[in-house]
Amino acid sequence: MNVVERGECATLLRYFRGEHDHLLQQLETLKKLLYSGSNWDAEKEEQIVALTADLVQNMLHHFTEEEEILFPLITQANLTLVHPVSAMKKEHERIRATLLQLQSETECCQKTKQSSHRLITLMREAWQLVLDHLSKENLMLIPMANQLLHENEREAVLKKVGRK
């Protein structure tokens with residue numbers, strides 16, 4: 001899809017793609033740390049716990065921004081997008097559940113002072129779900145929002161997310 005990136009369009013694209021890149025970087029850092037070996041020392045534990053908590057908080061905040069600010073505007077602009085937006089919300093729910101399980105398993109590993117097979121499995125699942133989901137948003141949803149929303153609506157989104 002060819003979307004001309006000018007003015008507010010570029011800013012809206014830049015904001016959401018930047019958010020997605022940041023979330024993927026956090027997830028990648030956590031994945032590398034978890035896959036770095038079976039040693040579970042105090043330093044590694046501290047990093048894993050902090051990264052997991054930060055990732056979960058950032059991801060949940062990002063989903064809330066999309067669900068409460070961006071998605072309603074998209075569906076108001078084009079009612080035929082109600083089902084795709086609903087599918088994105090369902091993916092958010094699945095990712096939320098997986099990330100909260102990941103955080104819970106991280107806390108269990110913190111108590112036992114060792115990694116677990118379940119932690120690695122949840123990490124793989126979270127990685128794949130988030131990667132697939134954000135790819136859909138970057139390639140389809142955000143460019144569609146740029147085309148559908150008027151300049152004042154794009155500005156309103158950016159003001160509400162506090163990034164303008």
Side-chain angles (χ1 to χ4, degrees), residues 1 3 5 10-74 84-146 154 157-164:
M1 177 179 285
V3 177
E5 294 187 27
T11 304
L12 191 64
L13 277 172
R14 217 175 9 255
Y15 171 74
F16 280 101
R17 286 181 178 166
E19 284 278 306
H20 295 165
D21 288 346
H22 176 70
L23 293 168
L24 286 172
Q25 286 171 359
Q26 284 188 296
L27 198 55
E28 177 68 22
T29 302
L30 180 59
K31 185 174 96 168
K32 284 180 181 177
L33 191 57
L34 287 173
Y35 290 170
S36 67
S38 59
N39 298 9
W40 188 274
D41 57 30
E43 181 182 345
K44 184 174 181 177
E45 175 183 304
E46 185 178 316
Q47 289 176 323
I48 290 171
V49 170
L51 275 169
T52 303
D54 195 40
L55 173 66
V56 170
Q57 179 183 356
N58 289 340
M59 189 75 71
L60 298 183
H61 177 76
H62 178 75
F63 287 168
T64 299
E65 285 182 342
E66 290 180 340
E67 292 169 1
E68 293 180 1
I69 300 167
L70 184 62
F71 290 176
L73 287 173
I74 292 171
V85 167
S86 178
M88 299 307 273
K89 286 181 181 180
K90 286 181 182 178
E91 288 183 13
H92 283 184
E93 291 171 17
R94 185 163 178 214
I95 294 168
R96 270 188 193 98
T98 302
L99 288 175
L100 292 173
Q101 289 174 17
L102 180 68
Q103 187 171 28
S104 177
E105 186 63 21
T106 301
E107 292 165 1
C108 288
C109 291
Q110 185 179 18
K111 291 175 186 167
T112 63
K113 303 293 183 198
Q114 62 183 10
S115 186
S116 71
H117 178 69
R118 178 166 163 70
L119 182 65
I120 301 301
T121 301
L122 286 166
M123 182 67 242
R124 280 189 196 120
E125 183 180 351
W127 172 255
Q128 194 60 55
L129 288 171
V130 171
L131 186 62
D132 290 347
H133 177 78
L134 296 182
S135 293
K136 290 174 195 173
E137 287 188 353
N138 283 341
L139 295 174
M140 293 181 287
L141 191 71
I142 303 305
M144 276 193 287
N146 272 329
R154 292 189 301 264
V157 168
L158 292 170
K159 285 179 184 173
K160 286 179 182 177
V161 297
R163 303 293 178 174
K164 183 154 187 197

Handout entry: For L99 against V56, the heavy-atom pair lying closest together
Key = O-CG2, 3.7 Å

Handout entry: Min side-chain heavy-atom separation I120-R124 under 4.5 Å
Key = yes

Practice task
For the residue pair Q26 and L30, establish whether any side-chain heavy-atom pair is separated by less than 4.5 Å.
Solution key: no

Problem - Residue pair V157 / Y15, side-chain heavy-atom distance below 4.5 Å - result: no

Exercise for the section: Please check if atom CD in E107 has more than 12 non-hydrogen atoms from other residues, nucleotides or ligands closer than 6.0 Å. Expected result: yes

Practice task
Over all heavy atoms of both residues, which pair between L23 and L55 is shortest? Give the atoms and the distance, please.
Solution key: O-CD1, 3.9 Å

Handout entry: Point-to-point distance, once rounded to the nearest 0.5 Å, from CD of Q103 to OG1 of T98
Key = 13.0 Å

Handout entry: R96 atom CZ: more than 12 heavy-atom contacts under 6.0 Å
Key = yes

Handout entry: Atom NZ of K113 with >12 non-hydrogen neighbours under 6.0 angstrom
Key = yes

Handout entry: Taking every non-hydrogen atom, the tightest pair across V130 and L27
Key = CB-CD2, 3.7 Å

Exercise for the section: Test D132 against Q128 for side-chain hydrogen bond (donor to acceptor under 3.5 Å, both in side chains), laying out the working first. Expected result: CA-CA 6 Å; D132 290 347; Q128 194 60 55; 2.9 Å; yes

Exercise for the section: Evaluate the side-chain proximity of N146 to R154: yes if any heavy-atom separation is below 4.5 Å, no if none is. Expected result: yes

Handout entry: K111 side, atom NZ; C109 side, atom SG - distance, nearest 0.5 Å
Key = 11.0 Å

Problem - Student check: side-chain heavy atoms of F16 and E137 closer than 4.5 Å - result: no

Practice task
Would you kindly say whether K44 and S36 are connected by a side-chain donor-acceptor distance under 3.5 Å?
Solution key: yes

Practice task
Hey, can you tell me if F63 and H133 have their rings parallel, tilted or perpendicular (30° and 60° cut-offs)?
Solution key: perpendicular

Handout entry: Backbone N/O of N138 and side chain of R17: donor-acceptor pair under 3.5 Å
Key = yes

Handout entry: Pair I142-L70, side-chain contact (heavy atoms from CB on, under 4.5 Å): steps then yes or no
Key = CA-CA 9 Å; I142 303 305; L70 184 62; 3.7 Å; yes

Handout entry: Minimum-distance pair of heavy atoms, taken over all atoms of S116 and E105
Key = OG-OE2, 2.7 Å

Fill in the blank from the handout: In terms of heavy-atom contacts, L24 and W127 come closest through O-CZ3, 3.9 Å

Fill in the blank from the handout: Output for pair (H92 NE2, E67 CD), nearest 0.5 Å, gives 5.5 Å

Handout entry: Pairwise distance CG(L12) to CG(L158) - rounded to 0.5 angstrom
Key = 5.5 Å

Practice task
Report yes or no: does S104 contribute a side-chain atom to a donor-acceptor pair with the main-chain N or O of L100 at less than 3.5 Å?
Solution key: no

Practice task
Quick one: pull up CD in E66 and CD1 in I69 and give me the separation to the nearest 0.5 Å.
Solution key: 10.0 Å

Practice task
List the steps and the verdict of side-chain contact (heavy atoms from CB on, under 4.5 Å) for Q57 and H61.
Solution key: CA-CA 6 Å; Q57 179 183 356; H61 177 76; 5.6 Å; no

Completion exercise
In this structure, CG of L134 is separated from CE of M59 (nearest 0.5 Å) by 6.0 Å

Problem - Pairwise side-chain contact, E65 with H62, heavy-atom cut-off 4.5 Å (strictly under) - result: yes

